[in-house]
Enquirer: 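This is the structure I want to talk about, given as C-alpha cells.
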Amino acid sequence: MILFDQVTKLYVNQQRPALDDVSLEIEKGEFIFLVGPSGSGKSTFLRLVLREERPTKGQVWVLGKELNRLSNWKIPALRRQIGTVFQDFRLLPNKTVFENVAFALEVIGKPSSHIKKVVPEVLEVVGLEGKEQRRPDELSGGEQQRVAIARAFVNRPMLLIADEPTGNLDPGTSIGIMKLLDRINKLGTTVVMSTHDSQIVDQMRRRVIELESGHVVRDQSRGVYGYAR
Amino acid sequence: MRATFVASEVGHGLRRNLTMTIAVIITVAVSLGLFGASLLVRAQVSTMKDFWYDKVEVSIFLCSKGSDTPSCAGGAVTDAQRDQIRSDLESLRPLVEDIYYESKTEAYQRFQDQFENSPIVDNVTENALPESFRVKLSDPTKYEVVASAFAGRPGIEQVNDQRQILDKFFRLLGGLQLIALLIALSMLVVTVLLIVNTMRVAAFSRRRETSIMRLVGASNFYIQLPFLLEAGIAAALGALLAIGTLIVSKAVLIDQVLAPSFQFTAFVGWDSVVAIAPLMLITGVGLAGLAAFFTLRKYLRV
Ligand SMILES: Nc1ncnc2c1ncn2[C@@H]1O[C@H](COP(=O)(O)OP(=O)(O)OP(=O)(O)O)[C@@H](O)[C@H]1O
Ligand SMILES: [Mg+2]
C-alpha cells in the first residue's frame, strides 16, 4: 500500500531535513497512528504520500506506483484513490453539506445521477442524514469533520490520509470521529492518521509509528502514544 | 465533463469578480477597437491608392510664350518639337498606356469648369495656361522613366507627376495608421497585464476551492477550465463591443458623414469590415486565453 525506501525530505532553505532516511511499509487494511512532537515530520510524511511534495532522496511507493516516476498528469488519478481529511476540515462555506460532498464528485466529472445516489449513502455512513441542506457554519466542529470524512470517503478510496483529524475537537467529539474512522477502516480502507491525542492512541491499540526530528524512533503494532507520558 | 457544473462555476466566477470583469471587458474593447480602427485605416489607404493610382497621370507641360525655364529659351513650343514629343511618347508603349493632348483652349475650358463659381476665372486668360500631354502609365511607379526622357528637353517647360503629391498624402495617412497601431499594441499589452492580474486575484480568491479540487483528484484541465472560460468570455464580450463600434463607425461616420462630403475619393467597403472583425475577435480571445493559461499554470499547480 505505502512503502518508504530511505526517504529524506529537505525543504529548500532548511538546515535540517524534515524526514531523514525513513524506511517503512504499510500494508493494505492497516490502521496507522503517526505520532511525534510538533515539527517531527508527520505532515511532511503525509504530504509525500499525496505527492504534494517530492522526496529529496529515496523512493515513495503508493498504491503500487513509485511517485518520482509518476508524471504530473497522472497525479489526479492517484489522488482519486486517496481520501484526505485535515484538522481544519477544508469545507466550502457557501455550499451545503450535500453540495460539499457532491463537489468532490463533480470536479472529477461524475454524472449527476451517480452523485444523487452515492452522496446520501455516504452521509448516512458518517451519521449526517437529515443535515444535507445545512451550511458548514450551522454545524458543530465534529459534524463539519464528518462532512469532510464523507467527502474523503465518497469514492470508497483504498487509502485515507488524516492529518490530526481531531486536532480541533473536544475529547468526546473526537471519540465519535475515531469510531467513524475505525468503521471506514473495517470497510477495507487503509487509514493513516497523525495525531497528538494520547488518549485515542492508547485506547485504540493500533500500529503506532513515532517520529522524532525526522527519524522513525518507534514502530509498534498495537502500540500506545508514548512511553514517557 | 459536467457542462452545467462548469457553466455555473463560470457564472459564479464572473459575478464574484464583477468589477475586474468589467475592467477586462472595457480594456479589451478599447484596445481591440483601436486595433480594428488602425486596420481599417490601412484598408482605407489601400482603397484610396487603388482608386487614385488608377487615375493619376504624368503631365508634360509645353513651353508657351512667357515661360522662363531654361528649356523654354527658344520661346513657345514649335510644331516639330510637339510632333517629336508625341512620337517619342508613342515609342514608350506599353509603359505609356494613354496619350492625350490638351491644347490651350481645352486647358482653359477645363479650368473654367473646375472653378466655375470662383472670381479667379476672370483673372486668367486662355494664353496663361500651357498646352500639355497627359500621359497615363501602365505602371504608375515607373514615373522616372518618363521624367528622365522628357524633363529639360527644349520645348518642355515641366514634367509633373500627380503621384508624388498623392504619395505625400498617403505617407501622412500611413504615419497616422502606424501611430494608431502602436497605441493599439501598447493597449493590448496593458490588456494582457490586466488579465494576468485578474487571473491571479481570481486564483487567489478561489484557492479554497482549487485546493480541494486538487486534493480530490480533479485534473488540471478541470481546475483551470472555469478560469480560462471566464477570461475568454470577458475578452469575447470586449471584442464584440469593439466590433460593434467598428460597424457603427463604418455605417455612420464613413457612409453617412465622410462619403457624401468627399465624393472625389473611394472609401473602404464592408468587405474590409468583414475581414477585420474576426481578426479582432481572435486576437482578443486568443491573447486573453494565452495570458490566462500561462498565469494559471504558475498559480494553480498540481
Ligand atoms: N513548506 C515547508 N517549507 C519549509 N519547511 C517546512 C515546510 N513544511 C514543514 N517544514 C519544516 O519541516 C519540519 C517538519 O514539519 P511537519 O509539518 O512535517 O511537522 P509535523 O510533525 O506535522 O508538526 P505538527 O505536529 O506541528 O503538525 C519542521 O521543522 C517544519 O518547520
Ligand atoms: Mg502537521
Side-chain angles (χ1 to χ4, degrees), chain A residues 46-47 49-54 63 67 70-86 88-95 99-116 136 147-155 157-163, chain B residues 1-21 198-233 289-290 292-302:
Chain A
L46 299 178
R47 280 205 289 273
V49 173
L50 290 169
R51 248 257 355 220
E52 285 194 8
E53 296 286 349
R54 284 162 171 270
L63 298 165
L67 300 192
L70 195 69
S71 48
N72 277 337
W73 65 272
K74 283 186 175 161
I75 298 173
L78 172 81
R79 292 194 184 144
R80 286 176 199 194
Q81 301 176 66
I82 306 175
T84 41
V85 177
F86 296 92
D88 57 0
F89 318 139
R90 301 201 187 173
L91 302 177
L92 296 173
N94 49 355
K95 286 193 191 300
E99 288 166 347
N100 261 287
V101 179
F103 183 76
L105 297 167
E106 279 162 342
V107 300
I108 60 173
K110 293 277 196 243
S112 56
S113 57
H114 175 80
I115 293 174
K116 287 202 187 90
V147 179
I149 293 172
R151 183 180 64 197
F153 188 60
V154 69
N155 276 324
M158 305 286 288
L159 179 61
L160 189 87
I161 300 288
D163 197 356
Chain B
M1 180 56 58
R2 305 248 345 261
T4 49
F5 173 71
V6 173
S8 89
E9 285 288 297
V10 169
H12 224 81
L14 285 175
R15 261 174 285 130
R16 167 156 29 184
N17 247 332
L18 195 61
T19 46
M20 283 289 221
T21 308
T198 307
M199 284 295 115
R200 234 162 44 186
V201 171
F204 184 76
S205 74
R206 273 185 270 168
R207 63 194 184 285
R208 237 190 143 82
E209 279 89 343
T210 51
S211 78
I212 292 171
M213 286 167 106
R214 261 201 304 275
L215 275 176
V216 300
S219 62
N220 254 344
F221 177 73
Y222 218 102
I223 295 174
Q224 294 182 3
L225 189 65
F227 293 90
L228 288 176
L229 286 177
E230 278 165 47
I233 287 171
L290 282 178
F293 179 75
F294 283 106
T295 315
L296 293 175
R297 243 170 53 129
K298 196 168 152 205
Y299 287 91
L300 298 178
R301 257 194 300 244
V302 243

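On a predicted model such as this, the values are computed, not experimentally measured, just so you know. Atom set for the values below is all heavy atoms of this structure, side chains included, hydrogens, waters and symmetry mates excluded. Letters A, B, ... mirror the listed sequences (proteins, then strands); counts begin at 1.
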Enquirer: Where is the tightest heavy-atom contact between A:K95 and B:E9, given as atom of each residue plus distance?
Expert: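 Closest pair (atom of A:K95, atom of B:E9, distance): NZ-OE2, 4.0 Å.
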Enquirer: Calculate, to the nearest 0.5 Å, the distance between atoms CG and CD belonging to A:N94 and B:E209 respectively.
Expert: 6.5 Å
Enquirer: Counting C-beta onward and ignoring hydrogens, is there a side-chain heavy-atom pair between B:L215 and A:L50 closer than 4.5 Å?
Expert: yes
Enquirer: Has B:R208 got a side-chain atom pairing as donor or acceptor with A:L91's backbone, closer than 3.5 angstrom?
Expert: yes
Enquirer: Heavy atoms only, distances under 4.5 angstrom: which of A:S112, A:G83, A:P111, A:A77 has the most pairs with chain B? Name it, please.
Expert: A:S112
Enquirer: So which atom in A:P76 and which in B:G217 form the shortest heavy-atom distance, rounded to 0.1 Å?
Expert: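 For A:P76 and B:G217, the tightest heavy-atom pair comes out as CB-O, 3.3 Å.
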Enquirer: Specify the closest pair of heavy atoms between A:I108 and B:V216, including all atoms of both residues, with the distance to one decimal.
Expert: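 What the structure gives for the nearest pair is CG2-O, 3.6 Å.
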Enquirer: To the nearest 0.5 angstrom, please state how far the CG atom of A:L92 sits from the CE atom of B:M213.
Expert: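 Between A:L92 CG and B:M213 CE, I get 9.5 Å after rounding to 0.5 Å.
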